[in-house]
Protein chains: 2
Amino acid sequence: MKHDTATSDTPDRKPSRIQLENRKRILDAALGLFSSQGFRGTTLDQIADACGMHKPNLIYYFESKEAIHIALLNSLMAEWLSPLEAMDPDGDPLEEMLRYIRRKMEMSREFPRESRLFANEIVQGAPRMLPHLESTLKPLFDKQCGIVNRWMHEGKLTQMHPAHLIFSIWAVTQHYADFEAQIAVLLPGDTKRARGAETFVEDMFRKLLTP
Amino acid sequence: MKHDTATSDTPDRKPSRIQLENRKRILDAALGLFSSQGFRGTTLDQIADACGMHKPNLIYYFESKEAIHIALLNSLMAEWLSPLEAMDPDGDPLEEMLRYIRRKMEMSREFPRESRLFANEIVQGAPRMLPHLESTLKPLFDKQCGIVNRWMHEGKLTQMHPAHLIFSIWAVTQHYADFEAQIAVLLPGDTKRARGAETFVEDMFRKLLTP
DNA sequence: TCGTCACTTTACCAACTGGTAAAAAAATTC
DNA sequence: GAATTTTTTTACCAGTTGGTAAAGTGACGA
């Protein structure tokens, strides 16, 4: 008979305050480590150290190391996609696109760990995220591509392939988080860098999208 | 007394044909595995299997697993940077830029493993590549930024921050290799995809760079 | 043909790593 | 405040992994 734990799948009562808090501590520590060392490069002991717990305690709150990774990806996915979701079909097309781009740059600056976590996962073939991409991202992506496409046909934006446009926005904005190590070498002088990047990217896409 | 091996640092005679061949086999297998699973996610046994050798044989040719990784990064770096190096200060500015972009797209399509190997390394903070970035990439990058900058001041290209321009070229072109798993989900229909991406990216930067 | 050197294979190991068992300690409930 | 449940800690284990020791095999020149 299996011991009853916080990860039991029997119809649990609502998780206690301690459970919610400790789960959050674990996920936060795991985010830092997984994003900078990858899944395989991170050990349970490292996660435990980083959040001041002991290894078996992690397994008390999550079934396995992989369960931590999956919980992390799932819990961050919605937030990560919220800017795309927020694109308003009734807004001004150019302003909506630039607002989206600005929000993506802001997230790249404010949440580089999240960006790198997803980058790590996708570069390695998205082994634990493919179903999620199919079921969650794909429908949203198709919908927003449709909106952008309509804007283009109405002459409000330069005509181009909407999917590739969105790819290029993702590529450029996330590049600043994902490849920060390289950028820091090539463009020292931390202070102005973020602002320089943000005005560059906004100007670039404004010029590109203005019909 | 240490055994004399192919990795000995005593003044070796030139490596035999077998050595060259086996080193290449190992590096090729390692490229496939490191690029799709990361350094920590790849085991020596996997590499050995992939090239039909036994584990201790790898250590005969390379001091350690890390030495394989470093040798791989070093041996690919020059090739990876050759398109940037090939930018001709005396050529037509717009054509030179577009040629560079086309070559980067081509490499993303033909050498996705290399792209992902570097992506993995840099996302994780470039632990084994930072010195190389400082010593090799940085000077080249600064030089080519200077060229681009001159072109802009001569009115041959749209004025913008040359470093960020190059970042955006890297971001967009390498995105197609590094995030292929995601793109395959969002834009199925393998056949036209590569061509679509290439015309999109070229058109995008042509519009952006044309003064 | 013999000896030397380059290369390969087998057997092995110590450290690490994900995970478990179970006792101890807190917290909560009655 | 005793009983019970939840959470933490200690001790441990089996499988994996990077790497070594050393014997074995083959090639090649004298």
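The analysis underlying the following values was restricted to heavy atoms, covering all of them including side chains, and did not include hydrogens, waters or symmetry mates. Residue numbers begin at 1 in each chain, while the letters A, B, ... track the order of the sequences.
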Quiz item: On a plain distance test, is the side chain of A/K55 in donor-acceptor contact with the base of C/dG18 below 3.5 Å?
Solution: yes
Quiz item: Nearest-Å distance, CG (A/D49) to P (C/dC16)?
Solution: 14 Å
Quiz item: Quick one: does B/D28's side chain get under 4.5 Å of B/C51's, heavy atoms only?
Solution: no
Practice problem: Take atom CD of A/E21 and atom P of D/dT6, then tell me their distance rounded to the nearest Å. | Solution: 18 Å
Self-check item: Distance test, side-chain N/O of B/Y61 to OP1/OP2 of C/dT8, below 4.0 Å
Solution: yes
Quiz item: Within 45° of the axis and under 6.0 Å from the centre of the six-membered ring of A/F39, does NZ or CZ of A/R128 qualify?
Solution: yes
Exercise. Provide, to the nearest angstrom, the distance between the NE2 atom belonging to B/H54 and the C1' atom belonging to D/dA23.
Key: 15 Å
Quiz item: If each of B/P56 and A/S64 is mapped to the nucleotide of DNA chain C with the nearest heavy atom, which maps nearer the 5' terminus, i.e. the 5' end?
Solution: B/P56
Quiz item: Can a side chain N or O of B/N22 be found less than 4.0 Å away from OP1 or OP2 on C/dA6?
Solution: no
Quiz item: Has A/R40 got a side-chain N or O lying under 4.0 Å from the OP1 or OP2 atom of D/dT17?
Solution: yes
Quiz prompt | Atom pair distance, as rounded to whole Å: CD1 in B/I59 and P in C/dT8 | solution = 14 Å
Self-check item: 4.5 Å side-chain heavy-atom contact, B/F34 and B/R113
Solution: no
Self-check item: Atom-to-atom span, CD of A/Q46 to P of C/dT17 - whole angstrom
Solution: 7 Å
Quiz item: Expressed in angstrom and rounded to an integer, what is the separation of A/I68 atom CD1 from C/dG18 atom P?
Solution: 10 Å
Exercise. Go through A/K55 and A/D45 one step at a time and tell me if the salt bridge (Lys or Arg N to Asp or Glu O under 4.0 Å) criterion holds.
Key: CA-CA 6 Å; A/K55 188 165 56 171; A/D45 277 320; 3.7 Å; yes
Quiz item: Of the nucleotides D/dT9, D/dT7, C/dG18, which one has an atom closest to the side chain of A/Q19?
Solution: D/dT7
Practice problem: Grab the CZ-C1' distance between B/R23 and C/dC7 for me, whole Å please. | Solution: 13 Å
Practice problem: Mind calculating the distance between CG (A/L44) and P (D/dT16) to the nearest angstrom? | Solution: 16 Å
Self-check item: Side-chain donor-acceptor contact under 3.5 Å, B/Y60 with B/H54
Solution: no
